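All figures in this text were calculated on a predicted structure; none of them were measured in a lab.
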Amino acid sequence: MSRTSRLLLIALICITALIMAGLGSYAVWTRSHQGVILGSVTVSGVSIDGLERSEAEAILSEMESQQGEAVIEIVVNGQPSTVTASEFGYRLNIGALLDRAMRNEREGSLINRWRRWLRSPWDDPIPLVLDPVAAIDQALVEDFVKNLDQRHGTRPIEGDLEFVNGRPVPSYPSPGWLLDSSEADVEIRAAALNGGGTVRLNTVLVEPDTDIKQITDAVGVVEQWISAPVVFKDPDSEAELVFTAQEIADATIFSFDLNRSPSVRLNIDRRLVTRKVSAINDRVGTPPVNAYYEIDENDRVIIHPSETGIGIDVDAVGDLLETLAAGSERQGVLTKVAGTQPHVTTEDIENLGIRHLVSQYTTYHDCCAPRVDNIQLFADRVNDALVPPGETFSLNRHVGERTEEDGFVEAGTLLRGELTDTVGGGVSQFATTFYNAVFWGGYEDITHKTHSFHFTRYPEGIEATINWPDVDLVFRNDSPSHVLIRTEYTDTSITVKFFGDNDGRVLIGRWRDGEGRLRILSEGGPRARVVSARISERTDELEPPETLYRANPELAPGEAEKIQTAKVGWTVRVTRTVKQGEETSNRIWTVRYIPRQEIVEMHPCLMAYLTEAGVVTAPEQDGAGPGAGAGTVDSPAEGAGVECPEPEEEVTPELPEELTDRFPELLPEEGGQLPIEEEDGQGPIGEEEEQAPVDDGE
């Protein structure tokens, strides 16, 4: 390489190095001044160059605050008041100013910016002068003007009418003085943006929209409106419909319309017309007939269709009433219209879906006992109950508490394992009958409870008890139609019928003298719910506790009475199967009947003798009730206060006939009665086998 070439190469390398060094220095300088305003920038004569954005923002915010303190004097009718621009939300466009300042000396290509940077030590930067733009909240200005108007102005009073004691009382119009606000907000805005100043405002006379003549004319119209009654007559009868002047005045609705003459607009509240028409409609027209269903003697559901009626046309009467009240003629003719709709239409009844008898069940009882009165009264309360699809029905909730005030009487109720008279007792027979209608109708069993003892007058396992308020019977209507419940009774029976839609299937049943019978009157269609049931063999049989002997001072001396017979207890399983089309569901209930203890009551003196003779043993503690061991007596307190004579020596009291077979060892020997071997006593029932009795409404 020649010497010249070497020199040129060295020169090129040096120049390149200088350029790279310059670019590197510019890059370092740019990075160090990244958040700084470059060049020469002023805002309203205040320099912000060389400052970071936050520092410049603080300076401009201070400028905004100072300018916002500019005082504006508002003079209204010579009364001055002051306000500052900041009260109108005075603000500067600080964000936009800072954005423009930060772009200074950063615009253009990289080479041009570098060249300007290289010349900066010798060339002064081009100054950037920014003028802020001020703004205020127009809504605040308008609110301020409204407040001035309220403080210094007086609104005009419009004319009006009101009824006092059936007469029109006018309120005549009067002018007002309101602030001339047409330019007020413009002037206040200009003063706020220009650093303050004085704004002078005045109030001007404002006339009301109504004038005295309009009110005077309105009074005349109203006087005519209520001058006399308006009478309507029916041409087909002697019926009259009279609207008194007072009624017209009380029902008048009036308003002013400046675009019509006279300016008052009068109307009658149509509620008055409707009320008056309703009072005579039945005498003048033909009332509509509601649809209803009837269950005939063959349990067929018959729908009686609805019928439209002919009645007074309320709208026509109202329009004519307004016309007559405004004129001199005060009599009119009642207008009738056909097609008045009933409250219950045929469609309403058909939509209930009650098509036929679904299930029916009957149980029997002896005539004329107090419990029969309760059963029949309970049935009356349930009769005609309607259960919508998907809804539940509770016997307790529907009938309520059984009280003497409602006609219920005292009858036998199971309380703690013993039959006791309570108000409303015996209605469990209705509950059992009702439950069987639910059971065989295929409806959903929500809650039921069987009796604690078994009674042969009820189907074993498929029965229910009820008592207020805790023992209830509840079912859900899980069919697509309503269920209508009908009840019937005789002196010796109670019947419950469920009407609805089971695709034509009809089942009836009864239970009498310990035997039941089910009959399918109609098999129904393919969507019918077919119910079947199975009762298992009796298991877990338990013998009753030994007889409980109890003193009763109300019995005659030497008299004994059996008030409850003994019966074994057992358990059965009830399986109900419901088949509908291809779907089958099973539900199983376990029913346990507890053993029933025999209870014998006798006079306290006889009880004392049996205790002394050792055939009846006093209980270990007071209050031995049902479930006590053999030969036990109830609380001795039951015989308290009864004085028994001392028996003569070697004389055995005569036993009642009810006790001679029980205690043969107490019979005199000359009676020829051979001693009878004692049977093994029944031991007490273990706790794990005992079933706590429930309070049954039996």
When rounded to the nearest 0.5 angstrom, what is the spacing between [atom1] in [X] and [atom2] in [Y]?
| X | Y | atom1 | atom2 | result |
| --- | --- | --- | --- | --- |
| Glu158 | Asp211 | CD | CG | 10.0 Å |
| Gln138 | Asp143 | CD | CG | 10.0 Å |
| Phe232 | Leu324 | CZ | CG | 5.0 Å |
| Asn351 | Ser481 | CG | OG | 11.5 Å |
| Thr154 | Leu178 | OG1 | CG | 8.0 Å |
| Ile248 | Arg330 | CD1 | CZ | 5.5 Å |

Please report the closest heavy-atom contact between [X] and [Y], naming both atoms and the distance.
| X | Y | result |
| --- | --- | --- |
| Gly159 | Pro173 | N-CB, 3.7 Å |
| Val46 | Met63 | CG2-CE, 3.8 Å |
| Pro208 | Pro175 | CD-CA, 3.8 Å |
| Ile226 | Pro168 | CD1-CD, 3.8 Å |
| Thr216 | Tyr172 | OG1-CE2, 4.0 Å |
| Ile48 | Ala56 | CB-CB, 4.2 Å |

Quiz prompt | Verdict with supporting geometry, Trp589 and Asp445, side chain to side chain contact (heavy atoms under 4.5 Å, CB included) | solution = CA-CA 11 Å; Trp589 292 271; Asp445 179 354; 3.4 Å; yes
Between [X] and [Y], is there a donor-acceptor pair closer than 3.5 Å when you use the side chain of the first and the backbone of the second?
| X | Y | result |
| --- | --- | --- |
| Thr244 | Pro229 | no |
| Asn290 | His343 | yes |
| Asn477 | Glu391 | no |
| Glu583 | Gln580 | no |
| Glu87 | Thr84 | yes |
| Gln224 | Ala326 | no |
| His398 | Arg381 | yes |

Quiz item: Please walk me through it: do Val76 and Arg151 pass side chain to side chain contact (heavy atoms under 4.5 Å, CB included)?
Solution: CA-CA 10 Å; Val76 181; Arg151 286 162 49 195; over 6 Å; no
Quiz item: Does CZ belonging to Arg200 count more than 12 external heavy atoms closer than 6.0 Å?
Solution: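 No, not enclosed.
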Quiz item: Within a reach of under 6.0 Å around CZ of Arg155, are more than 12 heavy atoms found that belong to other residues, nucleotides or ligands?
Solution: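 Counting neighbours around CZ of Arg155, 12 or fewer heavy atoms of other residues, nucleotides or ligands fall under 6.0 Å, so no.
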Taking the side chain as C-beta and beyond, is there a heavy-atom pair between [X] and [Y] under 4.5 Å?
| X | Y | answer |
| --- | --- | --- |
| Asp501 | Ile354 | no |
| Leu60 | Leu92 | no |
| Thr42 | Ser47 | yes |
| Phe393 | Val438 | no |
| Ile94 | Ser61 | yes |
| Glu247 | Lys276 | yes |
| Asp503 | Pro526 | yes |
| Val43 | Pro132 | yes |

Hey, is [X] close enough to [Y] for a salt bridge, meaning N to O under 4.0 Å?
| X | Y | result |
| --- | --- | --- |
| Glu322 | Arg270 | yes |
| Arg53 | Asp99 | yes |
| Asp269 | Arg271 | yes |

Exercise. Begin from the C-alpha positions of Asp472 and Thr447 and carry the test side-chain hydrogen bond (donor to acceptor under 3.5 Å, both in side chains) through to its verdict.
Key: CA-CA 7 Å; Asp472 200 1; Thr447 298; over 6 Å; no
Quiz prompt | Axial cation check for Tyr443 ring with Arg529, 6.0 Å and 45° limits | solution =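 Judged by the rule (NZ or CZ under 6.0 Å from the ring centre, within 45° of its axis), Arg529 counts as positioned above Tyr443.
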Self-check item: Verdict with supporting geometry, Leu272 and Asp250, side chain to side chain contact (heavy atoms under 4.5 Å, CB included)
Solution: CA-CA 9 Å; Leu272 169 66; Asp250 293 340; over 6 Å; no
Quiz item: Does the side chain of Asn396 pick up a donor-acceptor pair with the side chain of Ser394 at under 3.5 Å?
Solution: no
Quiz prompt | Between Ser278 and Asn281: side-chain donor-acceptor atoms closer than 3.5 Å | solution = no
Exercise. Begin from the C-alpha positions of Asp313 and Lys336 and carry the test side chain to side chain contact (heavy atoms under 4.5 Å, CB included) through to its verdict.
Key: CA-CA 5 Å; Asp313 190 335; Lys336 299 177 185 177; over 6 Å; no
Quiz item: Between Phe498 and Phe475, does the ring centre distance come in under 6.0 Å?
Solution: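 Centroid distance Phe498-Phe475: below 6.0 Å, so yes.
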